[in-house]
Protein chains: 2
Amino acid sequence: MQKHPDLTSSVHDAGGRMTRQRRVVLEALASVTSHPTAAELYDLVRQRLPGISPGTVYRNLKVLKDLGYVQELDFGADASRFDANVASHYHVRCDCCARVEDIPMQPTVGIEDAQPALTGWQITGHRVEFHGLCPECKAQQAQSHQQEGE
Amino acid sequence: MQKHPDLTSSVHDAGGRMTRQRRVVLEALASVTSHPTAAELYDLVRQRLPGISPGTVYRNLKVLKDLGYVQELDFGADASRFDANVASHYHVRCDCCARVEDIPMQPTVGIEDAQPALTGWQITGHRVEFHGLCPECKAQQAQSHQQEGE
DNA sequence: CTATGTGCAAAGATTTTGCCCATAT
DNA sequence: ATATGGGCAAAATCTTTGCACATAG
């Protein structure tokens, strides 16, 4: 499921240089579906490039985002999360543990019809995020409620 | 358009104490439609309570949010924005100036139908945000493009 | 009176940036 | 060679928190 057939030259074409650090950041992000924070991604990347610095990860995430290779998800969490899947898709976030997952549904196409209500705005996209309790947190909460006798 | 007929007693009922600071924070937020950041709200509140501290504003925003009197909008901006309109509604954010406005449309009710795709999750809500260029930034951008001859 | 809130300032957390060296072209 | 990127550490932001005092109920 390769979204960008030739990452190296594509990114290079866009004006950047595909350094090893940049490639590893992108590959690490593309290799997981967990929507990691920058810090989590830093840990992942360090498994391959032990000497990389956090600043480099942040810098490259910003570059890759500007080039459209990565999207940033900062709905309601302390730290931004990142996603190498830039295709239009929606997310669910757990109110309890802040985990973010993809929603296996087609984007609601008709929603772009809201545009007429936005006089004067030039709309380039929209984001949808559901939130609630993930299966794990739901189970934990059920347990603790039981203990409380509530 | 008063959403909470008796703010003081309601908040008190929920366990908090309606201090002057808390009331002014809530009233200031309710008096604007600009979805201010905590810092902007702090400036607003200081017009009435010059001695208030930023920490108090943050603390009370969190309390009021937990009590359901305020919602926090942290879509893609550096700082969270706050909204005293807790009714379900959508927002537009300007990619250029970060301004946030309400969208004058009814929430897309059918969207909650995505729930079946979320096996094991207990969904409690969803958020929709459009983004693009606000009228002002669109005009500015058109001007600068003209100057560049591009 | 007593629990809760406030002011202040310090600490946390996340992210950005300046500086100088490294590296790709 | 030269421009772009990396490592490091400091700084910038935004937000939270500990503590002593104030205040609502």
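Quick note on labels: first sequence line is chain A, next is B, and so on, each numbered from 1.
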Peer 1: In whole Å, what is the span from the CZ atom of A:Arg46 to the P atom of D:dC8?
Peer 2: 11 Å

Peer 1: Between D:dC14 atom P and B:Tyr58 atom OH, what is the distance in whole Å?
Peer 2: 7 Å

Peer 1: By the 4.0 Å heavy-atom rule, please label A:Thr37 as base, sugar-phosphate, or nothing.
Peer 2: nothing

Peer 1: Indicate yes or no: does B:Arg99 engage B:Glu101 in a salt bridge with an N to O separation below 4.0 Å.
Peer 2: yes

Peer 1: Please give, in whole Å, the distance from C:dT23 C1' to A:Arg22 CZ?
Peer 2: 13 Å

Peer 1: Output the distance between atom CG (B:Leu29) and atom CG (B:Asp83), rounded to the nearest 0.5 Å.
Peer 2: 6.5 Å

Peer 1: Quick one: does B:Arg59 reach the base of C:dG7 with a side-chain donor-acceptor pair under 3.5 Å?
Peer 2: yes

Peer 1: Could you tell me how far apart B:Arg23 (CZ) and D:dG25 (C1') are, to the nearest whole angstrom?
Peer 2: 13 Å

Peer 1: Just how far is it from atom CD of A:Gln140 to atom SG of A:Cys97, taken to the nearest 0.5 Å?
Peer 2: 8.5 Å

Peer 1: Nearest-nucleotide wise, let me know which of B:Pro54 and A:Ser53 is further upstream toward the 5' end of DNA chain D.
Peer 2: A:Ser53

Peer 1: Would you mind reading off the distance between B:Phe82 atom CZ and D:dC14 atom P, rounded to a whole angstrom?
Peer 2: 12 Å

Peer 1: State whether A:Ser80 places a side-chain N or O below 4.0 Å from either non-bridging phosphate oxygen (OP1 or OP2) of C:dT15.
Peer 2: yes

Peer 1: What about B:Arg17: does its side chain form a donor-acceptor pair under 3.5 Å with the base of C:dA3?
Peer 2: yes

Peer 1: Does B:Gln71 use its side chain to pair, donor to acceptor, with the backbone of B:Asn85 at less than 3.5 Å?
Peer 2: yes

Peer 1: Take the protein atom NZ of B:Lys62 and the nucleotide atom P of C:dG5, then report the distance between them rounded to whole Å.
Peer 2: 14 Å

